[in-house]
There are 4 protein chains.
Amino acid sequence: MVPSDQVSRPPSRGRPRSADADRAIVTAALDLLEQHGYARLTLESVARRAGVGRPTIYRRWSTKDDLVVHVLTETVPPLEAPVTGDAVNDLRTMAIEFVTGLVNSPAGRSVLAVHAEAGRRPDLAARLREGYLLPRDRVVRDIVAYGHRHGQLTTGLGAETIRDLVFGPLIYHWLVSGDPLDPDTAATLVEAVLPAIRPPRAH
Amino acid sequence: MVPSDQVSRPPSRGRPRSADADRAIVTAALDLLEQHGYARLTLESVARRAGVGRPTIYRRWSTKDDLVVHVLTETVPPLEAPVTGDAVNDLRTMAIEFVTGLVNSPAGRSVLAVHAEAGRRPDLAARLREGYLLPRDRVVRDIVAYGHRHGQLTTGLGAETIRDLVFGPLIYHWLVSGDPLDPDTAATLVEAVLPAIRPPRAH
Amino acid sequence: MVPSDQVSRPPSRGRPRSADADRAIVTAALDLLEQHGYARLTLESVARRAGVGRPTIYRRWSTKDDLVVHVLTETVPPLEAPVTGDAVNDLRTMAIEFVTGLVNSPAGRSVLAVHAEAGRRPDLAARLREGYLLPRDRVVRDIVAYGHRHGQLTTGLGAETIRDLVFGPLIYHWLVSGDPLDPDTAATLVEAVLPAIRPPRAH
Amino acid sequence: MVPSDQVSRPPSRGRPRSADADRAIVTAALDLLEQHGYARLTLESVARRAGVGRPTIYRRWSTKDDLVVHVLTETVPPLEAPVTGDAVNDLRTMAIEFVTGLVNSPAGRSVLAVHAEAGRRPDLAARLREGYLLPRDRVVRDIVAYGHRHGQLTTGLGAETIRDLVFGPLIYHWLVSGDPLDPDTAATLVEAVLPAIRPPRAH
DNA sequence: CCATAAACGAGACGGTACGTCGGGTCTTAGA
DNA sequence: TCTAAGACCCGACGTACCGTCTCGTTTATGG
């Protein structure tokens, strides 16, 4: 990946940056994020665990949040579009996969933490959206386009709205209940919203 | 309010805690939360602004998060049930009011911040749900019960599910877009989900 | 003893001060002084150990140093004048007894600690001298007077000077060597100074 | 001077410690010692006055006492041996110079304060003796050796004993009287002790 | 004999300082 | 010019005591 979120640098002169250090830092950060959560994540501890000086981290990311955003966007596996020819089914599959994956990983909590600071650092939230949420968004968009073309989804709603309708209840349920969203509940919620996104003539 | 979220104390002996200090601390915390956000909130700065010694805060709340949860649950105005006889309309009104209120206040971001730490401090997230989200939940429950009785809402879905369907898309939209959810978008999303919660015979 | 070093009070009305509390405080202070030394002595800890509220201590002594001075002057056993008819021998006995007693008790260190603050609180050092050192001084004075009268001590030196000559080397040795002055060394030092205080005709 | 009393460190790696900070800390500590005395000396206040972070002090000295000992041993001017060929006269000169210098400076009180804690921190008292008292001791030793060789001092007493006899009364007088030992009194006391240290045949 | 004054223990108050941790920066020696 | 190391200043952490204050309660005494 192009380190677009890293501190920009002039064309290479002198000793090049160590790719080993890059990897060690990101790995250490991810591990610590999983073990201790976002709030306890410390650049100090990352440096220690990565066997790296703290300035070596700052040379790459100017802030703890920058590093976290990088780690989140880089390490979360890309979401595959199912594309079975049944848009409704594809959405259901994706929603459950995405949301349960998000919720049962440190990533989910970290995303919240970063968003909590979005007022203060809009760029960060933007980058997180860009690298984390929008790639998934694009997959949704494709499925919806397919569903629209084949009359499987109501054309009265845009792709964005459909996305909100399908994913929103799952996320909200997680927030409100506090429990790690089980697949059954997720399936129930997706099922419940279907009447809203199916074409009117569908029943 | 019974200070159930404060550090427990034996029955009154010695000098009682100062209600003035209570108020000053909570006020200061709320102000600073609004001005600088959750991450920059410091017990030090709260103490300074409240004109209070730091130990006076620790005597009441053992943690920044404890204090924030208290402030959130105590200061956010209670949500009124509209009760116009039209359950669907009531839900719409409530959703827009609640969500826009939540999103355009420091409370929203702070709720996220606390939830981000829910893995580490489940009690906090629980208390936040109890004091902040569930009171609103109860209002929804009443409206849904009314709607069920009068055939305005499908009986196929429980109150909890309906709540998720109505509120979820709004929250999710806010998270994903990063913008402060305007009423129009909110209305659109609520409108879109109606087919899912109206009774089948409704059209 | 008249509590002249305690905070003064108007003529008795209301509940009289508890003699139990007096004793408990002094005992606790002495114990803690022995166990942990002057620097670690805390009015808090004294109160705790004495089973007494902190204000009860402040009602009697306005300062840690006041309390310590009181404890030192009250608890150190009075020095007996030997009066054997041999002034030189009496001085030797007294010096060894006094100095070894002083040095091998927490009192010695505490006396130093108080004196270290004499610049700031001259009254305290004065009171310590008055209650602790001068009573011993008076005994010395008596012995010297006897010695002068009977030609056992040179009349060229005042009682004060003789006191300094006899006691000073012992104390100084203790300070410089750091070891708990043993009786042999003490005896040697007293012996060495005798030529200076004996009358010229004595040999 | 080798900073043997500072916290030990591995051979040089990373940024070296700032000599400026060293100086600023020691100067600030000395000033505050003079102005407010030992008891009011605070690492916090030293840091503030030195324009230095508190951790920068702790990196060098782990304790207020460590710092004070360093300051005392480093800043007190070295004592010069007079060496006039008259050992008795040299001792007199030295005693008066040393003791009046010690007594009329914050150093004197501070030495007492540190000694008061000698029970708890024997290493500190030892270091203070080593860096503060023993250098003076060595000068005394030289003078005594000279006096012994030239029959100016009794050979019946060791250098250490002579030191105690000459210096002790001065120090003790200071402790007991509470006054800042004037040169006249000092001279009287030294004069008085001479018969004890002169050789028997000297009169 | 009861009202009052002052003590009592407990513990909170606003503070100050503690010793530590982490932030983000800078400066060294060495690769 | 990078690297690891480790210093720098800063500021916040959570704790311990300070000396004072307010409680509710207890205890002598004097009107």
Side-chain angles (χ1 to χ4, degrees), chain A residues 9-10 12-18 20-21 40-48 50-59 61-64, chain B residues 9-18 20-21 24 40-48 50-60 62-64, chain C residues 9-18 20-21 40-48 50-60 62-64, chain D residues 9-18 20-21 40-48 50-60 62-64:
Chain A
R9 2 176 357 213
S12 114
R13 280 258 282 164
R15 177 174 172 175
R17 287 199 184 147
S18 155
D20 285 2
R40 306 243 165 146
L41 185 70
T42 286
L43 288 197
E44 169 74 21
S45 64
V46 173
R48 207 157 35 222
V52 145
R54 221 161 355 127
T56 300
I57 302 182
Y58 281 105
R59 219 167 279 123
W61 299 279
S62 55
T63 283
K64 165 176 161 176
Chain B
R9 346 171 20 205
S12 151
R13 285 260 270 162
R15 178 176 176 172
R17 291 206 180 138
S18 156
D20 283 2
R40 304 243 166 145
L41 186 70
T42 282
L43 290 196
E44 167 74 20
S45 64
V46 173
R48 208 155 36 218
V52 144
R54 220 162 349 128
T56 298
I57 300 183
Y58 282 106
R59 220 169 275 126
R60 292 164 164 74
S62 54
T63 282
K64 166 177 161 176
Chain C
R9 349 170 17 204
S12 124
R13 275 265 280 170
R15 175 175 176 175
R17 287 200 184 144
S18 156
D20 284 3
R40 306 241 165 147
L41 186 69
T42 287
L43 289 195
E44 168 75 21
S45 64
V46 173
R48 207 155 38 221
V52 145
R54 224 166 344 133
T56 299
I57 299 182
Y58 281 105
R59 219 168 277 125
R60 290 162 166 76
S62 55
T63 282
K64 165 177 161 176
Chain D
R9 349 171 17 203
S12 146
R13 283 265 268 168
R15 178 175 176 173
R17 292 209 179 131
S18 157
D20 283 3
R40 305 241 165 146
L41 186 69
T42 283
L43 290 195
E44 166 76 20
S45 64
V46 173
R48 209 155 37 219
V52 145
R54 224 164 345 131
T56 298
I57 300 183
Y58 282 106
R59 219 170 277 124
R60 291 163 166 76
S62 54
T63 282
K64 166 175 160 176

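Nothing here was measured: the structure is a model prediction, and the numbers come from that model. Chain letters run A, B, ... following the sequence lines, proteins first, then strands; residues in each count from 1. All values below were derived from every heavy atom in this structure, side-chain atoms included, with hydrogens, water molecules and symmetry-related copies excluded.
- The interatomic distance linking A:Arg48 (CZ) with E:dG23 (P) rounds to 10 Å, in whole Å.
- Rounded to whole Å, atom P of E:dA17 lies 19 Å from atom CD of C:Glu44.
- Summarising the geometry of B:Ala50 relative to B:Ala24, their closest heavy-atom pair is CB-O, 3.5 Å, with the distance given to 0.1 Å.
- Annotation: side chain of D:Tyr58 is in contact with side chain of D:Leu43 (closest heavy-atom distance under 4.5 Å).
- Between C:Gly53 and B:Ala50, the one whose closest nucleotide on DNA chain E sits nearer the 5' end is C:Gly53.
- Judged purely by atom type and a 3.5 angstrom limit, C:Arg59 has no side-chain atom pairing as donor or acceptor with the backbone of C:Arg17.
- Minimum heavy-atom separation, C:Val52 to C:Ala21: CG2-CB, 4.3 Å.
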Could you pull out the protein-nucleic contacts involving nucleotides 21-24 of chain F (nitrogen or oxygen on both sides, under 3.5 Å)?
unit_1: F:dC21; atom_1: O2; unit_2: B:Arg15; atom_2: NH1; d: 2.9

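- Atom CG in A:Asp20 sits roughly 17 Å away from atom P in F:dC2 (whole-Å rounding).
- Proximity note for D:Arg60 (side chain, C-beta onward) versus E:dT20, F:dG19, F:dA7: the nearest is F:dA7.
- Comparing E:dC13, E:dA17, E:dC8 by their closest approach to the side chain of B:Arg17 singles out E:dC13.
- The distance from atom CD1 of D:Ile57 to atom C1' of E:dT20 is 14 Å, rounded to the nearest whole Å.
- If you measure from atom CZ of D:Arg40 to atom P of E:dT16, you get 14 Å, rounded to the nearest angstrom.
- Note that OG1 of A:Thr42 and CZ of A:Arg48 are 8.0 Å apart. Values are rounded to the nearest 0.5 Å.
- If you check every strand for non-hydrogen atoms under 4.0 Å, C:Ser18 touches sugar and phosphate atoms only.
- A residue-by-residue look at C:Leu43 and B:Ser45 shows that B:Ser45 has its nearest nucleotide of DNA chain F further toward the 5' end.
- Protein atom OH of A:Tyr58 is 5 Å distant from nucleotide atom C1' of E:dG24, rounded to whole Å.
- An OP1 or OP2 oxygen of E:dG9 is reached within less than 4.0 angstrom by a side-chain nitrogen or oxygen of C:Thr56.
- Going from atom CH2 of A:Trp61 over to atom C1' of E:dG23 covers 18 Å, rounded to whole Å.
- Here NZ of D:Lys64 is found 5.5 Å from CG of D:Leu41. Values are rounded to the nearest 0.5 Å.
- Nearest-nucleotide positions on DNA chain E for B:Val52 and A:Thr63 put B:Val52 closer to the 5' end.
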